[in-house]
Structures are given as C-alpha cells and as structure tokens.
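This report concerns only the one structure given below.
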Amino acid sequence: CGFENIMAHVSGLVDGALKGLAGIKGMRVLGEREDLLEGSLISLMPEKKGFSVPDFNLFLNHELKGRFIAVRTGRHCADLACLSSGIRETVRISFYAYNTPEDTELFLSALKDYLALL
C-alpha cells in the first residue's frame, strides 16, 4: 500500500471529519486545520454545558447498537498545557489505514445524537 498512500488516505479522513465537525455546535476543534491534516489525530473540547467527556465515551461504547467507537479522553499526558490553556479534558479521535469514511460518519452522527440529549 505504501506510506504515501496511507498518509493520503488518513489525511482524507481527517479532512472529512473536520468538515463534519465544522457544522456541529458544542465542540471546538483544537489546533489549526493545516497542522491537523498532516497528522492522524483530532482533539475536541466540549463547549456545550452539561457535556461530560466520560459519559460521551460510555455513550460511544454502549448506545450504538452493534457498533463500538474507540476514542481517547482526558488530558493525554499534557496536564500542564491543558491547565494553562483552560482545558479541562478533551475527546481525541484518531485515524489510520483501516478506518473508512463510514467510520467518520458514524462518529459524527453519534456526537450529534449525544449533544441532542443535553
């Protein structure tokens, strides 16, 4: 498959996720778009009152019939950076060669569903 092809695929997934997240109120993407497109991670900070990062993680693990979405939550070994930036905790999604655009759509749909519950 090749590293360049994998990176192009991952960048496309990140791009699709960023486009989808742009239309969702209640979450803020951390970082600059250009920088995020060079990697495979997107960190999100909740802005909607009542959003619980641990509860959202549980929602992804238990409320999607027949599906499971793995995310990382917390401060990701960056306590001082988070505290000095006013960030309590984040949700981090990551992509790799095995992910698909459908995975991105499933996450975005689940995020919208969770936000609608608040």
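Computed over heavy atoms, backbone and side chain alike; hydrogens, waters and symmetry mates excluded.
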Nearest-0.5 Å distance that lies between atom [atom1] in [X] and atom [atom2] in [Y]:
{"X": "E4", "Y": "S11", "atom1": "CD", "atom2": "OG", "value": "12.5 Å"}
{"X": "R67", "Y": "E102", "atom1": "CZ", "atom2": "CD", "value": "9.0 Å"}
{"X": "K25", "Y": "K48", "atom1": "NZ", "atom2": "NZ", "value": "10.5 Å"}
{"X": "E89", "Y": "T73", "atom1": "CD", "atom2": "OG1", "value": "6.5 Å"}
{"X": "L30", "Y": "I42", "atom1": "CG", "atom2": "CD1", "value": "10.5 Å"}
{"X": "F68", "Y": "N61", "atom1": "CZ", "atom2": "CG", "value": "4.0 Å"}

Which atom pair, heavy atoms only, marks the closest approach of [X] to [Y]?
{"X": "N99", "Y": "F95", "value": "OD1-CA, 3.3 Å"}
{"X": "F51", "Y": "V91", "value": "CE2-CG2, 4.5 Å"}
{"X": "V10", "Y": "G39", "value": "CG1-O, 3.7 Å"}
{"X": "H9", "Y": "A97", "value": "NE2-O, 3.5 Å"}
{"X": "G20", "Y": "I24", "value": "O-CG1, 3.5 Å"}

Any chance you could lay out the side-chain contact (heavy atoms from CB on, under 4.5 Å) test for R33 and L18, step after step, and finish with the verdict?
CA-CA 8 Å; R33 179 179 182 76; L18 290 172; 3.2 Å; yes

Atom pairs and distances, side-chain donor-acceptor, residues 104-118, under 3.5 Å, sequence neighbours left out:
{"from": "Y114", "atom 1": "OH", "to": "S52", "atom 2": "N", "distance (Å)": "3.3"}
{"from": "Y114", "atom 1": "OH", "to": "S52", "atom 2": "O", "distance (Å)": "3.4"}

Looking at [X], I want to see if its [atom1] is surrounded by more than 12 non-hydrogen atoms of other residues, nucleotides or ligands under 6.0 Å.
{"X": "R88", "atom1": "CZ", "value": "no"}
{"X": "E47", "atom1": "CD", "value": "yes"}
{"X": "K19", "atom1": "NZ", "value": "no"}

Decide yes or no for [X] and [Y]: does some side-chain heavy atom of the first lie under 4.5 Å from some side-chain heavy atom of the second?
{"X": "V53", "Y": "T90", "result": "no"}
{"X": "L36", "Y": "E34", "result": "no"}
{"X": "P46", "Y": "M27", "result": "yes"}
{"X": "Y96", "Y": "I6", "result": "yes"}

